[in-house]
Structures are given as structure tokens and as C-alpha cells.
Amino acid sequence: MSSLSLPIQTDRLVLRTFERSDIDGLSAYHALPSVQRYVFSRTRDASEVASALGIMRGHVSLQRPGDTLTLAMVCKGEKVLVGHVSLHWSDATAGQGEVRFCINPAYAGQGFTREALSALYDLAFDHFHIHRVFARCDGRNHHSIKLMQQMGMRLEAHYREHALFQGEWDEELHFAILDREWQRWTKVKDLPVRHRVA
Amino acid sequence: MSLYPVYPLRTERLTLRPFTRGDVDAVYAYRRREDVTRYLFDTALSREECALAVQQRIGQLALEAEGDKIILGVELDDNGALIGEVSLIWRSVEARQGEVGWIFDPNYHGHGYATEAANALLDLAFGPGAIHRVAARCDVRNEPSWRLMERLGMRREAHFREHALFKSQWDEEFIYAILWQEWQALRGEQTPT
Ligand SMILES: CC(C)(COP(=O)(O)OP(=O)(O)OC[C@H]1O[C@@H](n2cnc3c(N)ncnc32)[C@H](O)[C@@H]1OP(=O)(O)O)[C@@H](O)C(=O)NCCC(=O)NCCS
């Protein structure tokens, strides 16, 4: 596999790996209760945000199954961190990848997550040769559900009361899209051509 | 809550009971068959493998910790034959989740025996087991199995496509589930008080 070429430019965003200096930008949204659903580690205070940043700074590529790539979404104009997206390589033989995403609610509703995810899906399918990308979301999170549908993902699972989350019964949806289903024409912007491994 | 059922469990036509060493031949009669194991994780078993499986099942009779299984032999009262097996796995202690499964001898398909045995297992899980949700999974092509789930009142919660490899092909899987309150409502309908 050719080496990963970062950062990625989309129309309005620069997608790059996290840096030490992102702590303030991350603190602005990462500890919000609405953001806590599918994050890598629970973060309620400054020190937990710092350790979450530490973890995400290590998410720089997918070398082996279990690895995660996390990209900070930086708004080009204001150079501000608005959120992040990540791709987790969950299974190598079956080529499975899980995406997660998080946006600072102050910047929600402008299509930034969709823009970042489009670039991430291109990366997943074209660069990492992932066969199926899936995402989990809370059954009550209407913004995420709408976003998943806009991304062309199919609702594959709707679990009811299958687990407890913070003391309450959980409702979880799984969305998925296969390599051959991903419409490259929805690309926000063409990525530079990369070398492919046969 | 741990579950130590008192065996055997009886239904109208069946007895659900622990496996014994004498069951090896009856188990081998169906577990050796390709048509039976097609959608199971196991392939067709040899007689030695069946002996080992039966040996294991002899100890799988209670739920004490997460991941524990109860696997029972299903005997037909009419002729005393072992006609299949049903299983209950404790998937999550905290969220009180269970999973059921079944394998029956093709000579005894088509009489509602699997439905009868699986219903007894649901009663065990939701009643004394205090399980909150019971799930079951099967290959999309295994129509007899998902039709059985529907007869039991389970809902289709998931349809995964190409999410894994199964016997070196892309897997397509259904997950069905039933909640305690749904089971309760069903039993209420069946036995009005
Ligand atoms: C899955 C499996 C247990 C289902 O067996 P089954 O015989 O279809 O199920 P039942 O014993 O409940 O019988 C139901 C059938 O008997 C009929 N029937 C007759 N009398 C009945 C009665 N009193 N009550 C209910 N159904 C009755 C039903 O109409 C149904 O037939 P249909 O499918 O033609 O409508 C069986 O196919 C099997 O063992 N498969 C191999 C192992 C396997 O794949 N296991 C599952 C892995 S996920």
C-alpha cells in the first residue's frame, strides 16, 4: 500500500492528524454529554480530554487490524478545529472498517461532517481497500441518522434494549455501505491519484 | 442472577433434559449430515467429535457467569428418541442478554418440535432466568431457522451484509430478538387468566 498522503483538502476543510496544540479546540466539544456516545474513552474533565487527545494523536494510520486513523477537521477559513472523524480497521480478512465522527455542536448543521466523511470513505475504499464501512449510532440521534442516510448507507441493524448505556436501556443503529455501493461521484473534491497495490 | 434449572423441562410432546453419554449415536446421526451443518459454525462432525461434544454438553446446565451455556437434549415423548438440541447462552450479565440456538434431526423436522422446545427455553430465560432480551442469529439463507424465530414472536433486528467471512464466503446474517415485555404479552394472550 502506498503511504498515506496527509493532510487531505476538501472544499472547506483540512483533514489532518491531531496535534498537541489541539487541546483547546478539542476541549470545546469533546466533554459535552451529547458527544460522549461513541468516543474512545469517556471524557468529563480537562485531564480526560488531554488523555483522549493523547490517544487520538496516536491514530495516524492503519498498519494492522485494530489500528485507527483519526483526522481533525480544521475549517480552512478560521483555522479552527470543528470536529473529527475516525476510521477503525476492525477486521483484516473481511476488510471491515468502522467510522466514528464528532462535531462541535457550534459548527453542526453546515455539512462539515458529511464533507469529512466523504473524504474518509474515499480513503477507506480506495486507499485502504476496505470492503465494508459501518457506523453505529444512538437510535435517538436524528442528526447522525440523517447523515448516515445522506452518505448512502443502509440501515442494517436496529437493536432495542440490547445493552445498558449510562444506566439506561440503549437503542443502537448500525449503518453500512459496501465498496461497490459507495458512489464516488458524491465526492466533495477529487483526491489526488494515488498508487494502488494490485 | 444465576440460573440453575431443575431438569427435565417438560412440554406437551417433549422432554428437555441434560445430555448423557448414551446420546452420542443419536447426536452423530444428525451432526454428521452436511444439510444439518451447512449454516452452523461447525462442519459435519465425526463420531469422535460427537462424543467430545456430548461430553462437553453434560456439564453445560447452568448459567453462573457471562458466556455460560445451557445445552439440552430434546427427547420425543412418543418414542423416547433424542431428536435435537437447544441452547441458551448468557451474553451479558449486566444487561441481562441471552441468545438461543437449535439443531434438530431432519427426520423430525416439520412437526413444530423445534418451536415447542425453543418456547420452553424462552420461558426458562425470561422466567427463572430473568433475562431481559433474547436474541438469535442465522444465515439469511437458513429460512427454516428464521421462520422459526418468527414463529417464536421474535423481531428481525439486523440484516448484515458481507460483514464477515463464513466458510470462505461473504456472510449475510439475520439477528432476531424478543424483549421480556414482548414475551410477557405473548404468553398473556395464550393463557388468559
Ligand atoms: C432450524 C430448524 C430447527 C427448524 O426446524 P423446523 O422443523 O422447520 O421447525 P419446527 O420443528 O418448529 O417445525 C415447524 C414446521 O412444522 C410445521 N408444524 C407441524 N405441526 C406443527 C405444530 N404443532 N406446531 C408448529 N408447527 C408445526 C410448521 O408448519 C412448520 O412447517 P413449515 O416450515 O413447512 O411451515 C431445522 O431446520 C434445523 O435443525 N436445521 C439445521 C440446523 C440449523 O441450521 N440450526 C440453526 C442454526 S442458526
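First the proteins, then the strands, lettered A, B, ... as listed; each starts at 1.
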*Most contacts with chain B, counted as non-hydrogen pairs under 4.5 angstrom, among A:Glu156, A:Arg132, A:His158, A:His174*: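 Option with the greatest count: A:Glu156.
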
With [X] as the cation and [Y] as the aromatic partner, state whether NZ or CZ is under 6.0 Å from the six-membered ring centre and within 45° of the axis.
| X | Y | result |
| --- | --- | --- |
| A:Arg64 | A:Trp89 | no |
| B:Arg32 | B:Tyr28 | yes |
| B:Arg156 | B:Phe174 | yes |

[X], part contacting chain A, at a heavy-atom distance under 4.5 Å:
| X | result |
| --- | --- |
| B:His159 | both |
| B:Glu94 | both |
| B:Glu173 | neither |
| B:Trp180 | neither |
| B:Arg91 | neither |

What part of [X] gets closer than 4.5 Å to chain B, counting heavy atoms only: side chain, backbone, both or neither?
| X | answer |
| --- | --- |
| A:Leu164 | both |
| A:Glu161 | both |
| A:Arg160 | both |

*Is there side-chain contact between B:Asn119 and B:Leu152, with at least one heavy-atom pair below 4.5 Å?*
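In contact.
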
*Hey, could you give me the CD1/OG distance between B:Ile103 and B:Ser87, rounded to the nearest 0.5 Å?*
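These two atoms lie 7.0 Å from each other.
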
*Compute the ring centroids of A:Phe18 and A:His84, then answer whether they are less than 6.0 Å apart.*
yes

_Under the side chain to side chain contact (heavy atoms under 4.5 Å, CB included) test against B:Leu61, which residue among B:Leu3, B:Ile71, B:Leu72 passes?_
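Answer after filtering B:Leu3, B:Ile71, B:Leu72: B:Leu72.
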
*Residue, of B:Leu179, B:Leu165, B:Asp171, that accumulates the most heavy atom pairs under 4.5 Å with chain A*: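 Max contact count across the listed options: B:Leu179.
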
